[in-house]
Protein chains: 2
Amino acid sequence: MTPSSDLNDYAERFKLLGHPVRLQILDALRRTPECVCHLEALLGKPQPYISQQLRVLREAGVVADSKDGLNVYYHLIDPQVAALLNAALGPVLPGERSHRQALPNCVCPKCAAPARQMITLQA
Amino acid sequence: MTPSSDLNDYAERFKLLGHPVRLQILDALRRTPECVCHLEALLGKPQPYISQQLRVLREAGVVADSKDGLNVYYHLIDPQVAALLNAALGPVLPGERSHRQALPNCVCPKCAAPARQMITLQA
DNA sequence: TGTGCATATTTAGCAAAACGCATATGATCC
DNA sequence: GGATCATATGCGTTTTGCTAAATATGCACA
């Protein structure tokens, strides 16, 4: 009923997106769930710092985590944030290359399941 | 070509919206242009403070001003910000009551063209 | 079972920036 | 001169951005 108190909530949500690191995380997550170690390699930031931003997003109800062995996977759960990302960055193209090659086991340089590595080099 | 440098620009734009006062200003401006004195009455903040936020928005290329006699009217010029506002707050309904009653001469309590005032009291 | 290694979270801390606001001054138009 | 608006300055408080250290937690393997 008081429209200005709602606006505060919206401003809070925009503030979540108004942060390069968080925006980059969310842009990655709207493509596919990602484990923390991959986000670390992707953003080039120290891991505790990424955990901090993930926590901000988690406590705001924007993302959720699910553990799988050693790894923790995060995924986007807020449809409105997804809509905002689409409105701002454009929708994710179906054929668009995801940041990772294969999902189930993290493939970023650190986690390095050696499977595809030499393919990348020669092809 | 470098998608992450673009993300910085997008984050900047989100940051503009992630501010209660600016968001309230933009929400008003997407309905209709407003003069500063009306925004002052609408937000209940001192005039220099509002001018300050308007300047932020102006220098970011989100709004533009046009002078008309004593008054300065601001309007929204960034279509992408308008799209984000629509995505977040919902589109402006056609019949929705604008904050002001009549545009050409500001009608907020301060500028008070006395025209409609007693109507408000009795009806 | 115990030890070690790797992933991830949490806590603490700090410098820098942003915020909220007041006040004073200036410009412009009537 | 009077009103609207912009700009500038200052100040106390809060938030941000980031680093570093400490603390779980799960897996592997002897």
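Naming: A, B, ... by sequence-line order, numbering from 1 per chain. Every heavy atom of this structure was used, including side-chain atoms; hydrogens, water molecules and symmetry mates were not.
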Measure [atom1]/[X] against [atom2]/[N] and give the value in whole Å, please.
X       : N      : atom1 : atom2 : value
B:Glu40 : D:dA3  : CD    : P     : 14 Å
A:Leu43 : D:dG17 : CG    : C1'   : 15 Å
B:Ile50 : D:dT7  : CD1   : C1'   : 16 Å
B:Gln47 : C:dG26 : CD    : P     : 16 Å
B:Asp68 : C:dT28 : CG    : P     : 17 Å
A:Asp65 : C:dT7  : CG    : C1'   : 13 Å
B:Gln24 : C:dC19 : CD    : P     : 16 Å
A:His38 : C:dA8  : NE2   : P     : 12 Å

Do [X] and [Y] have side chains that approach each other closer than 4.5 Å (heavy atoms only, starting at C-beta)?
X       : Y       : result
B:Val21 : B:Ile50 : no
B:Leu76 : B:Leu57 : no
A:Leu7  : B:Pro20 : no
B:Val62 : B:Val56 : no

Nearest listed nucleotide, side chain of [X], among [options]:
X       : options              : answer
B:Tyr74 : D:dT16, C:dT9, D:dA6 : D:dA6
A:Ser51 : D:dT4, C:dT10, D:dT7 : C:dT10
A:Arg58 : D:dT7, D:dC5, C:dT9  : C:dT9
B:Lys15 : D:dC5, C:dA8, D:dG17 : D:dG17

Candidate pair A:Leu16 and A:His19, rule side chain to side chain contact (heavy atoms under 4.5 Å, CB included), full reasoning: CA-CA 6 Å; A:Leu16 285 179; A:His19 184 288; over 6 Å; no

For A:Arg22 and A:Gly69, take the nucleotide of DNA chain D holding the closest heavy atom to each; which residue's nucleotide lies nearer the 5' end? A:Arg22

Quick one: what's the B/S/- string for nucleotides 18-25 of chain D, heavy-atom cutoff under 4.0 Å, read 5' to 3'? BBBB----

Testing B:Asp68, B:Val72, B:Asn71, B:Asp65 for side chain to side chain contact (heavy atoms under 4.5 Å, CB included) with B:Cys35, which one passes? B:Asn71

Quick one: which of A:Leu23, A:Leu29, A:Asp27 gives a side chain to side chain contact (heavy atoms under 4.5 Å, CB included) with A:Ile25? A:Leu29

Side-chain N or O of B:Arg55 versus OP1/OP2 of D:dA8: is the shortest distance under 4.0 Å? yes

